[in-house]
Number of protein chains: 2
Amino acid sequence: MTPRTGADELTEQPRIPLSRRRVLRAAVGLADRDGLDSLTMRRLAQELDVEAMSLYHHVANKEAVFDGIVEVVLAEIMDAVDGVDAPAPEDDWQAALRARILAAREVLLRHRWAPQVLGSRPDASPAVIAYLDHVLAVLRAGGFSFDLAHRALHVLGSRALGFTQELFQPDGARTADAAAAEMMEQMAGRFPNIVWMLSGALHDDQDGTLGFCDDQFEFEFALDLILEGLERRRAAG
Amino acid sequence: MTPRTGADELTEQPRIPLSRRRVLRAAVGLADRDGLDSLTMRRLAQELDVEAMSLYHHVANKEAVFDGIVEVVLAEIMDAVDGVDAPAPEDDWQAALRARILAAREVLLRHRWAPQVLGSRPDASPAVIAYLDHVLAVLRAGGFSFDLAHRALHVLGSRALGFTQELFQPDGARTADAAAAEMMEQMAGRFPNIVWMLSGALHDDQDGTLGFCDDQFEFEFALDLILEGLERRRAAG
DNA sequence: ACCTGAACACCGTTCAAGT
DNA sequence: ACCTGAACACCGTTCAAGT
């Protein structure tokens, strides 16, 4: 993409010096493109046209790289959330929070590895704290007590950032269709209730796409259910 | 614990032969005791008094070990759930499901690494499918349509098995107290809403233990909120 | 059939040396 | 100050060889 030979070569331009910022941006790019397992110190260095050991002048170790890329993603989320178009929290905290969470979700969908890395951090990063502070501001403006606001954060859990932990993650290769069909075949006798549920989905299917597990739909359904439950408890005082 | 020298030695007793079962039980034990990062093929072999390469006669590779220990934990959960004391699903699906999920949670609390491994499996294991089938049976008996039952599984997500993805996991070493105190100090100005929330918790604190983030309490609060929301949608038809 | 030793291709990281 | 090469202590895994 960016050929290193050409007219510029004549000027004997020195390489852009490495920096923490460059290292982290390359790490995010590598994880986006090739997945988290491909993010090794050696491959990261290769990405930057440098030896692996040079990285250690800008990040303490690999854990610091993970901390760093979480920071980068959270910064993107904060940007997205700041620019969101939604009612003022004082007027409609549910709509305000809903819009913010869905904006955060859009960012995370661009960095599929982020949930896993986030979950593996033992300590709360300042960036996460800052985001939670932002969420709390909405709840507070909406009239939550500190108790209920605290519990709301726990109820939302990772959903506050726009993702949820599913019990398994059907990947792109095997679609929900294939998984469903396979189950129907193999497990008809063993898992009668799964079959019941899937047969319902097949029956409802209008356009032949087996619109099963529309992640966005499921996410919003769950989010709305939770926001509604929180509002009921808020209103009950 | 089981000394290999002694009277028995004279009988020249042959070692218990390796088996998939023994390998997986040792893997669970190792992960329980030393954490998931300590679960390497070489250390696992050491645990079994065997060379690392011998393991490959009983498991295909390390991924298969992860799949296997998930199976083991799910089997424990199925046992716990089967023995649960709760109303019949036909009479009170909420109480029936609540009791089962809390039983599953107790098992997971003995295997702290399980959520992480579960989340990393790309395909649904038969054991997870079997558990979900069990959950669906309860919902079905409770009068759910297949649509709503399907959505209920998504809303519950990992909570169906008794765990939730938090945005960070304060470890045992640094207690919630310490983390809270630290925040109050360092971040008073930057995160006003966090401070607001924490000051509330401090104020409410009666017995001086700063009863903040009681995981069990938070879990049940969230679970009840969700079950209630699902019941409302079920009743609405 | 079941286990092993040596080897291979990778890791993250340290350290002394280069410019 | 910043980068590097060689080295160390680990990984998962293969393969030919042992019993």
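Remember, it's a predicted structure, so these values are computed and weren't measured experimentally. So that the names make sense, note that chain A is the first sequence line, chain B the second, and so on, each numbered from 1.
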### Spacing between B:R42 atom CZ and C:dC10 atom C1', to the nearest angstrom
11 Å
### Query
Any donor-acceptor pair under 3.5 Å joining the side chain of B:H57 to the base of C:dC3?
yes
### Message
Mind checking if A:S54 touches a base, just sugar-phosphate, or nothing, with heavy atoms under 4.0 Å?
### Response
base
### Phosphate contact (C:dC2 OP1 or OP2) by B:H58 side-chain N/O below 4.0 Å
no
### Query
To the nearest 0.5 Å, how far apart are CG in B:L18 and CD in B:E51?
11.5 Å
### Task
Calculate the interatomic distance between B:L48 atom CG and C:dT4 atom P; express it in whole Å.
11 Å
### Message
If you only use heavy atoms from C-beta on, which nucleotide in D:dT4, C:dT4, D:dG12 is closest to the side chain of A:V50?
### Response
D:dT4
### Task
Measure from CE on A:M41 to P on D:dC3 and round the result to the nearest Å.
14 Å
### Query
B:E51 CD to D:dT13 P: how many Å, rounded?
17 Å
### Message
Over all strands shown, is A:M53 touching base, sugar-phosphate only, or nothing at heavy-atom distances under 4.0 angstrom?
### Response
base
### Query
Is there a donor-acceptor pair closer than 3.5 Å between any side-chain N or O of A:T164 and the backbone N or O of A:R159?
no
### Task
Taking the side chain as every heavy atom from C-beta outward, state whether B:L102 and B:E220 have any atom pair closer than 4.5 Å.
yes
### Task
Take A:A60 and A:R43, find for each the nucleotide of DNA chain C with the closest heavy atom, and name the residue whose nucleotide sits nearer the 5' end.
A:R43
### Query
Roughly how many Å is it from CD in A:Q46 to P in D:dG5, rounded to a whole number?
14 Å
### Query
Where does the angle between the aromatic ring planes of A:H154 and A:H150 fall among parallel (under 30°), tilted (30 to 60°) and perpendicular (over 60°)?
perpendicular
### Message
When both hydrogen-bonding distances must be under 3.5 Å and the geometry is Watson-Crick or G-U wobble, what is C:dC15 paired with, if anything?
### Response
D:dG5
### Query
Taking for each residue the nucleotide of DNA chain D bearing the nearest heavy atom, is the 5' side occupied by A:A52 or by B:T40?
A:A52
### Summary
Atom CG of B:N61 and atom P of D:dG12 are separated, to the nearest Å, by 11 Å
### Task
Rounded off to whole Å, could you give me the CG-to-P distance for the A:L44 and C:dT13 pair?
12 Å
### Task
Using atom NZ of A:K62 as one end and atom P of D:dC10 as the other, report the distance to the nearest whole Å.
18 Å
### Task
Determine, for B:D67 against B:R121, whether the closest basic-nitrogen to carboxylate-oxygen distance falls under 4.0 angstrom.
yes
